[in-house]
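Right, one structure below, let's go through it.
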Amino acid sequence: MPKSPAVLLAFAILMLVGGYLWYGLTKPNDDVDLNALVKRQSQRESLREIEGLIGGLSINQIDELARQGRGQSLPSTLISRPMPDTNTWFVGRERHDVGVEIPFKPGHVPTSPPDLDPIHQNPGFLGAQACRECHESIYQSFIQTAHHRTSRKATPDNIAGSFETPDNELFTRDPEVWFEMIRRDQKSFQRVRFFDWMFEVPIDITVGSNLLGESYLYWHGDKLYQLHASYLTESDVWANSPGYVDGDAVFSRGIHTACLECHATYIDARQDDEHFTPGSLILGVSCERCHGPGKDHVDFHKANPTSDQGYQITVPSNLTRDQQMQVCGQCHTGVKPLLDPLGFKFRPGDRLEDHYELTASSSGANGVHTSNQMERLSQSRCFTETSMACVDCHNPHQNDRGRLDVFSKRCLECHEVSHCGAADRVGEGIEGNCIDCHMPRRATENMSIETASGDVFPPLRDHYIRVDDEATSEFLKTR
Ligand code: HEC
Ligand code: HEC
Ligand code: HEC
Ligand code: HEC
Ligand code: HEC
Ligand code: HEC
Ligand code: HEC
């Protein structure tokens, strides 16, 4: 452990920079038990008893400060340094290799988003609500999907994690650093206890439809930042966001256009890819990211209510297979740099390479952050020997999550049960689940979540459809 404050500070900053590697570089521990995390939390329960005064203030006084839009000032026991390069502040403590990194001055609170006029004209994105009056049934079904729900206002019913003690707490390897999720006046916050200091950050936007979990964003001026704590669906706990170092409290990871390009419909990026016009944000991946901006279509049909020919709108199934794949590929080929950093330029029919820098990382390994379904599927014989596209299995307007029987029916549109060499071994009911053997859920090594008790790797379906001996023997064990 480093000793002098300067070395310590350098060390702590190094740890924080490590936290920026959103994609963990470590290999999975063989048997990390998600539930070990929960156990670890309950062992720490007794910590809550030792509240008392924090830096000389009671919790009620800290709450009162927050209501007035103020933060608790930094106690003299902590070290704070501005980091001008990134416009952030670091807070640490002597002889502790943990630290805080925030984009606002310690003792202050984030600035509410300003009411700015857009810099660029919205190319015609309206959001799903605008389609409702004429496409009611598609709309009703669509709003249940992961696409629609993937980003939304973080109202209390849009945050899956608990706000009830003790489940609202996230402890770390350092007993003096922990997180608490709180609600005040219908607003949600992540509150950080860092030695004898407390600060909090609002939860403004929820990202993720809870396949794996949810992450959260907050506004500070015209910038968006990710909050430190995310929620994990499978183990139903709060956890460090993927790639964040356990023990740190990092609220300075700025959100760039690329993130919203995949998880929202539209936002006006101002002079660069991290300053936004707050009012321009259209949450959720709406109809228009697959069909193209809808303004002209809506204007036309409102003015011509008797026309029954869809005007100025693209139906992906009228495109070539390659083009259809690229519509989904905007967001399902892993993370890739935008050629125009302001984003939102891709239109159905376009080629990916005209908008993204496609690198060798889309090589077919489980991609970064996403499991890169497009690349994986493209290696399958089901794909190379047919004209199959994503929508052969996925109805884009419907939530079929978990319905393995529905997906298996899709297989049986081309295969027969008797084609499967394992049919006899599996026996009755095989037609209800072709998936677990041929498209197993596998931990994505490129997305790791550090917890107080080890790394967690969320599992995703491998879209390389093939015979997989390991998956087969695992499946047969469960029968
Ligand atoms: C004022 C009514 C109206 C609104 C609002 C509207 N549409 Fe349509 N849309 C129509 C009509 C009429 C058709 C043609 C009949 C049909 O296919 O249902 C159509 C057809 C379509 C088609 C199929 C086109 C084709 O060539 O087969 C798509 C896709 C579509 N609309 C998408 C959208 C989207 C996305 C929105 C929201 C941004 C939207 N529509 C809003 C009236 C509307
Ligand atoms: C603008 C980006 C974007 C486009 C375009 C897009 N997707 Fe997605 N898709 C996402 C994101 C982000 C998620 C993860 C949502 C979540 O769980 O929060 C997702 C999730 C999904 C899921 C998982 C559903 C579930 O139940 O969890 C399927 C299936 C899917 N997309 C298929 C498609 C197909 C097929 C296309 C093309 C027709 C497509 N997507 C186009 C961004 C996109
Ligand atoms: C993830 C991409 C995606 C999203 C999001 C999406 N669609 Fe579609 N939509 C498609 C595809 C692909 C087809 C062609 C369907 C096929 O071939 O099975 C289609 C077909 C259609 C059609 C014409 C055929 C039909 O099914 O009636 C309409 C109308 C339509 N979509 C409207 C909408 C509306 C309205 C929304 C939002 C409420 C929406 N879509 C969201 C991909 C999408
Ligand atoms: C290239 C597109 C892309 C980018 C960029 C991207 N994501 Fe995702 N994200 C996805 C897709 C697709 C999924 C669904 C899981 C999968 O297929 O890997 C997903 C899954 C997630 C999930 C889990 C959703 C769930 O339902 O469990 C969260 C949370 C998330 N992303 C947050 C973010 C944040 C925050 C950023 C930016 C800092 C970001 N993502 C950047 C495409 C993207
Ligand atoms: C659009 C038609 C189509 C669909 C849908 C389809 N396949 Fe295939 N699949 C094929 C073709 C064609 C081949 C190559 C010839 C063969 O082995 O029958 C193939 C090959 C395979 C193979 C052998 C792979 C290899 O490398 O030898 C497996 C396993 C398989 N499919 C399983 C599935 C499963 C499971 C599903 C559903 C999740 C599915 N397929 C959906 C058409 C399809
Ligand atoms: C218990 C796991 C398991 C299940 C469930 C299963 N398969 Fe298989 N499948 C296998 C194995 C193992 C093989 C290779 C058998 C061999 O070569 O002896 C195989 C082979 C295949 C092949 C390739 C035949 C060839 O050699 O080209 C196809 C196609 C296939 N399965 C389709 C399906 C479909 C469709 C379903 C659902 C109705 C299904 N499988 C369910 C394990 C499974
Ligand atoms: C042969 C059928 C098939 C095709 C084709 C297919 N998928 Fe899937 N996909 C599945 C199945 C099965 C699942 C698992 C569904 C579940 O567990 O709820 C899945 C799950 C997903 C998920 C959710 C993440 C996960 O791992 O559970 C996403 C995202 C997705 N698919 C995207 C795509 C995209 C994009 C394409 C086209 C490049 C595509 N899929 C093509 C069968 C298919």
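If you're wondering where the values come from, they're calculated on a predicted model, not measured in any experiment. All values below were derived from every heavy atom in this structure, side-chain atoms included, with hydrogens, water molecules and symmetry-related copies excluded. Each ligand, and each atom within it, is numbered from 1 in the order the structure gives.
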Distance from [atom] to nearest protein heavy atom, with residue and atom:
| atom | result |
| --- | --- |
| atom 28 (C) of ligand 6 | H419 O, 4.0 Å |
| atom 15 (C) of ligand 6 | G421 CA, 3.7 Å |
| atom 3 (C) of ligand 6 | C437 SG, 2.7 Å |
| atom 27 (O) of ligand 6 | R381 NH1, 4.5 Å |
| atom 38 (C) of ligand 2 | C328 SG, 2.7 Å |
| atom 12 (C) of ligand 6 | T472 OG1, 3.6 Å |
| atom 5 (C) of ligand 6 | N433 O, 3.3 Å |

Nearest non-hydrogen atom to [atom] belongs to which of [options]?
| atom | options | value |
| --- | --- | --- |
| atom 11 (C) of ligand 2 | C262, C331, S151 | C262 |
| atom 40 (N) of ligand 2 | R152, Q144, H332 | H332 |
| atom 34 (C) of ligand 6 | C414, C434, A422, S473 | C434 |
| atom 24 (C) of ligand 2 | A389, A146, S317, G284 | A146 |

(message) Closer than 2.8 Å to atom 8 (Fe) of ligand 4: does that hold for any N, O or S atom in H263?
(response)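 Yes, since at least one N, O or S atom of H263 sits under 2.8 Å from atom 8 (Fe) of ligand 4.
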Against heavy atoms of [X], which atoms of ligand 2 measure under 4.0 Å?
| X | result |
| --- | --- |
| T150 | 12 (C), 15 (C), 16 (C), 18 (O) |
| Q330 | 5 (C) |
| V327 | 5 (C) |
| S209 | 16 (C), 17 (O), 18 (O) |
| C390 | 35 (C) |
| H394 | 29 (C) |

(request) Using a strict cut-off of 4.0 Å, indicate which atoms of ligand 4 neighbour a heavy atom of L211. (result)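 Those atoms are 25 (C), 26 (O), 27 (O).
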(request) Output the list of atoms in ligand 4 that are nearer than 4.0 Å to some heavy atom of G334, sorted by atom number. (result)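 Atoms satisfying the 4.0 Å criterion: 1 (C).
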Does the protein put a heavy atom less than 4.0 Å from [atom]?
| atom | value |
| --- | --- |
| atom 9 (N) of ligand 6 | yes |
| atom 43 (C) of ligand 2 | yes |
| atom 31 (N) of ligand 6 | yes |

(message) Would the distance check show the side chain of S141 and the main-chain N or O of H397 forming a donor-acceptor pair, the cut-off being under 3.5 Å?
(response)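 Side chain of S141 to backbone of H397, a donor-acceptor pair under 3.5 Å: yes, one is there.
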Determine whether the side chain, the backbone, both or neither of [X] has a heavy atom under 4.0 Å from any heavy atom of ligand 4.
| X | answer |
| --- | --- |
| Q373 | side chain |
| N372 | neither |
| I255 | side chain |

(request) May I ask you to check whether H297 and Y311 place their ring centers less than 6.0 Å from one another? (result)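 That pair fails the under 6.0 Å test.
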(request) Would you confirm whether the ring centroid of W238 sits within less than 6.0 angstrom of the ring centroid of F171? (result)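 No.
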(message) Within this structure, what is the OG-NE2 distance for the pair S252 and H228, rounded to the nearest 0.5 Å?
(response)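 Atom-to-atom, S252:OG and H228:NE2 are 10.5 Å apart.
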(request) Decide whether T233 and N210 meet the rule of one side-chain donor and one side-chain acceptor closer than 3.5 Å. (result)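 The criterion, which ignores hydrogens and geometry beyond distance, is satisfied for N210 and T233.
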(message) What I want to check is whether the side chains of S286 and E288 have a donor and an acceptor closer together than 3.5 Å.
(response)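 On atom types as modelled, these side chains qualify, holding a pair under 3.5 Å.
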(request) Decide whether the shortest distance between a heavy atom of R149 and an atom of ligand 4 is less than 4.0 Å. (result)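 So R149 does not count as touching ligand 4.
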(message) So is P242 touching ligand 4 or not, going by heavy atoms under 4.0 Å?
(response)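 For ligand 4, residue contact (heavy atoms, under 4.0 Å) with P242 is absent.
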(request) Answer side chain, backbone, both or neither: which part of I430 comes under 4.0 Å from ligand 6, heavy atoms only. (result)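 Both the backbone and the side chain of I430 come within reach of ligand 6.
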(request) Report the part of D469 in contact with ligand 6, treating N, CA, C, O as backbone and CB onward as side chain, heavy atoms under 4.0 Å; options are side chain, backbone, both, neither. (result)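 For D469, no heavy atom sits under 4.0 Å from ligand 6.
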(request) Check whether any N, O or S atom of C420 sits under 2.8 Å from atom 8 (Fe) of ligand 6. (result)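 It does: C420 brings an N, O or S atom closer than 2.8 Å to atom 8 (Fe) of ligand 6.
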(message) I'd like to know if atom 8 (Fe) of ligand 6 has an N/O/S atom from H438 within less than 2.8 Å of it, counting both backbone and side-chain atoms.
(response)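 Checking H438: at least one N, O or S atom is under 2.8 Å.
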(request) May I ask you to check if ligand 4 and A258 share an N or O to N or O distance below 3.5 Å? (result)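 No: no nitrogen or oxygen of A258 is under 3.5 Å from one in ligand 4.
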(request) Return a yes/no value for E214: is any of its N or O atoms, backbone included, closer than 3.5 angstrom to an N or O of ligand 4? (result)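 Between E214 and ligand 4, no N or O pair is found under 3.5 Å apart.
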(message) Under 4.0 Å, counting heavy atoms only: does P316 come that close to any atom of ligand 2?
(response)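 It does not; every heavy atom stays at 4.0 Å or beyond.
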(message) Just so I know, are the side chains of F276 and T257 near enough to count as touching, which here means a heavy-atom distance under 4.5 Å?
(response)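 F276 reaches T257 side chain to side chain.
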